[in-house]
Amino acid sequence: MASFVLLFLLAVTGGAVCQSSDSTEPMCYDWGESSEGAVSVLDGEAGSISCPLFSHPSVYNYTSAQSAGHNLFWYRLLEGHDLEQPIPYSLRLSRDRERLWLQPAVANDTGQYICMLRNKSSCSKIAMRLKVLRRDEVIRSTYCDLPVATAPTQELIPMQEGKTLDCPDLQDIAKVSESEPTVKWYYENSKCYEYPFWDKDREQQRTRLRFYTMLTTYQGLYFCTVQYQRRGRMLNFTRSINVSAIYPLRVRKEPTILHPTKDKVFSVRTNTDVRLACKGLLPLVLHNTSREIWWTVDGKRVTAANDRFSQINSLEKNDYGDLTEESVLVIEDFQPEDLKREFNCSVRNAKGFETRRAQLQEEVSLPTVELGCGLGITLLLMLLLFMIYHVFWLELLLLYRSWFGTDERHTDDKEFDVYISYARNSEEEQFVLSTLRNVLENVLGYSVCIFDRDSLPGGNLSESILLSMKRSRRLLFVLSPEFLAEKSFSLLECRLALYLQHGHQASVVTVIHRSVRKIPCMEVAQLRQASICTVTWRGSQSEPRRSRFWLRLRLALPVRPLALGRRMIDSTSSHSDLAALALQRAQRIRKQRDRAEQRRTTSRTSSTQNYRDRKTLSRGRSCVKREEGLLPSRRCSGCTGFVGQAEEKQVEHGVQTEIQQVICERTDRVTETDCNLTPDPAQKTNNPSFSPNPTPKSNILSSSSEPILARSYQETNERNSIHQHDVVSLKTSNEMISVRQREEIMPPSLPTENPV
């Protein structure tokens, strides 16, 4: 473009300059050195230099210049010389029209060459540089070791279409060659291929290379080596062509703005630098590669606007010749009045033009400092809470259970909180009796069942253990190497616990006092698998009440909720006073039950005594009447005896039922089966000292129950004995009356006894 402007000025002003000179020789206008760059020729190969004055035929044409009387002269300024010298033409250096041929070029030809076009009235000249390269100075290709001095030319071939390639400078060589030149083609792609390329889509036709169907795999660098004859000498040169595939011409070639979309709104903030990005697709159009993307502000290009606006263009992707470019409009120190301006992004190529306006809205500024401080404080608090939970998670869980947990004593009828099983006559027995029991009962306030201490002698051992386990909310096992010894007491407890766990979903807790890893026992594995918690005793490390051993054990034991009322002063832990309050409440309930039962028993005893007195008085009157001779008939006496016996049996049965009910209500820890036991009538008749409700084998009173419950149980037994004695006496008197009645109705022939 610059050379075109220079040549245009030369044509306009050259004649005027010459006309203003009064000398016989016209003044020559010097355009300096050409901006097209130096011409490179390989040493030993043929090369040529074209005069830049004829690069634009619209300004200068060689044929028109000759008809106008202009002559073309060549000069050169060799390296190390100061004066221009005319070129002596020879067999090696010759001129053909606007070209200067070097056939071949040598290293001494390097220098500046000047072409001058002049006539009698005008003169103009321009210089250009020639550089002759040695073969070791040429950058060779990767696979094809062919030296090329000139840069490769670019050829674009649409995919699925065809094209014919000519070797560069071949037509000019054909004009000076004495015979038809020969061309040899090479193709470089992962290695160097010499024609033929062994495919049907590419074929060499004489000196040309024909592409029938262009594929993406045919892209790459092609080399052509030309040989020709000039004045009896064989000359050659090599040129390269870079072939690229582009999208077919039938594909839409109009440019498109990809971003921003039509409904896109840019959020901007005042008094800050704002960047508006525009992205466009610019398809390639053959024979016209001009395409661009730009911004306008109020209808003016950014380059013509004020200093606050600038744009930055960048290439994002080249997809077979179709370019995706991005243009960023930078607005420095955005002001509120800039919201009223019109910002447009535009794209253009040879096929069309598209523009789109950017919509702006002011962004509401957020209190970044306050948000940052709030976020920092929140993160700090979360980190602090995480650390607290990581360190004190056991205490937090216990506190949560204490406030929101459910007291199991209000939802079941079990007597004990914990049943402890351990290996007898071992180190674990001392640990259980001196440490574990003391802390659970005296410090934490749990009711503990130890079978050796809290069971009554006699009865079936398995049934007694099973009943004690059923009355406990947790089954705690202290594991040690001696725990599951053969035929041991603890082995029986372990198997019964596994039975309850599978059949009744009993809660099992295991405490490892000594390591049991080397014990090949299936019961130990099943017990640890069935347990809800496994705690390990670590000696002196676990002795403090705030150690992880006691905290984890409390999590596995029943809940003791926080009391909302008065707390005991002498409590030693957070649960001891709660247990004491619960115990006092249970004692008050039992006392109320005792008083109610005592009143009911007194009322039943008095009613039974009155009924017995009335029956005795009526029978006495009957005896007096019989002594006086006023005997009833057989039928009346039989009815009277039957009625008396039925009434006596009804009273007796009522008394027995009342006795059993009192015993069941007073001993609320006895199982339902034991409370429904009834005496054998035969045994009751033959054994006067028979007790209607003997103590069952599985009736085990807890040693942790208070003395009030023991005294209540003793008083109940005494009252039951009194009621039993009354029933026996009543039965004896009824039998005597029945004997007398039978004597009265006997036949006269039989001897009779007078009643006493």
Undergrad: Is a donor from one side chain sitting under 3.5 angstrom from an acceptor on the other, for S426 and E482?
TA: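 There is no such pair (donor and acceptor under 3.5 Å, judged by atom type) between the side chains of S426 and E482.
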
Undergrad: Could you state the interatomic distance from OH (Y446) to CG (L557), rounded to the nearest 0.5 Å?
TA: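 Separation between the atoms: 5.0 Å.
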
Undergrad: Using a strict 4.0 Å threshold on nitrogen-to-oxygen distance, state whether E429 and R424 make a salt bridge.
TA: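 Between R424 and E429 there is no salt bridge, as every charged N stays at least 4.0 Å from the carboxylate O atoms.
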
Undergrad: List the steps, then state whether side-chain hydrogen bond (donor to acceptor under 3.5 Å, both in side chains) holds for E316 with T324.
TA: CA-CA 6 Å; E316 286 197 351; T324 301; over 6 Å; no

Undergrad: Do any side-chain atoms of residues 330-338 form donor-acceptor pairs under 3.5 angstrom with protein atoms, and if so which ones, sequence neighbours left out?
TA:
from : atom 1 : to   : atom 2 : distance (Å)
D333 : OD1    : Q335 : NE2    : 2.8
D333 : OD2    : Q335 : NE2    : 3.0
Q335 : NE2    : D333 : O      : 3.2
D338 : OD1    : R308 : NH2    : 3.0
D338 : OD1    : R341 : NE     : 2.9
D338 : OD2    : R308 : NH1    : 3.2
D338 : OD2    : R308 : NH2    : 3.2
D338 : OD2    : Q335 : N      : 3.0

Undergrad: Can you confirm whether more than 12 heavy atoms, excluding those of F431, are under 6.0 Å from its CZ atom?
TA: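 Correct, the count exceeds 12.
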
Undergrad: Salt bridge between D412 and R473, side-chain N to carboxylate O under 4.0 Å?
TA: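 Counted as a salt bridge, because a side-chain N and a carboxylate O are separated by less than 4.0 Å.
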
Undergrad: With a 6.0 Å cut-off on the ring centroids, do W295 and F343 count as close?
TA: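 No, too far apart.
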
Undergrad: Using distance alone, with no hydrogens and no angle criterion, decide if S547 and S542 have a side-chain donor and acceptor under 3.5 Å apart.
TA: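 No, because no side-chain N or O of S547 sits under 3.5 Å from a partner of the opposite role on S542.
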
Undergrad: When you compare the side chain of R301 with that of W294, does any pair of heavy atoms fall below 4.5 Å?
TA: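 When only atoms from C-beta onward are counted, R301 and W294 do touch, with a gap below 4.5 Å.
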
Undergrad: Do S421 and E493 get their side chains close enough for a donor-acceptor pair, meaning under 3.5 Å?
TA: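 Short answer, yes.
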
Undergrad: What about F451 and F489, are their ring centers closer than 6.0 Å?
TA: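 Ring centroids of F451 and F489 are less than 6.0 Å from each other.
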
Undergrad: Between Y422 and L476, does the side chain to side chain contact (heavy atoms under 4.5 Å, CB included) criterion hold? Intermediate values first, please.
TA: CA-CA 9 Å; Y422 56 94; L476 192 148; over 6 Å; no

Undergrad: Can we say R409 and D407 salt-bridge, meaning some charged N sits less than 4.0 Å from an Asp/Glu carboxylate O?
TA: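 Here R409 pairs with D407 in a salt bridge, since their nearest N and O are under 4.0 Å apart.
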
Undergrad: Checking N344 against T355: is there a side-chain donor and acceptor pair closer than 3.5 Å?
TA: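 Distance-only check fails for T355 and N344.
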
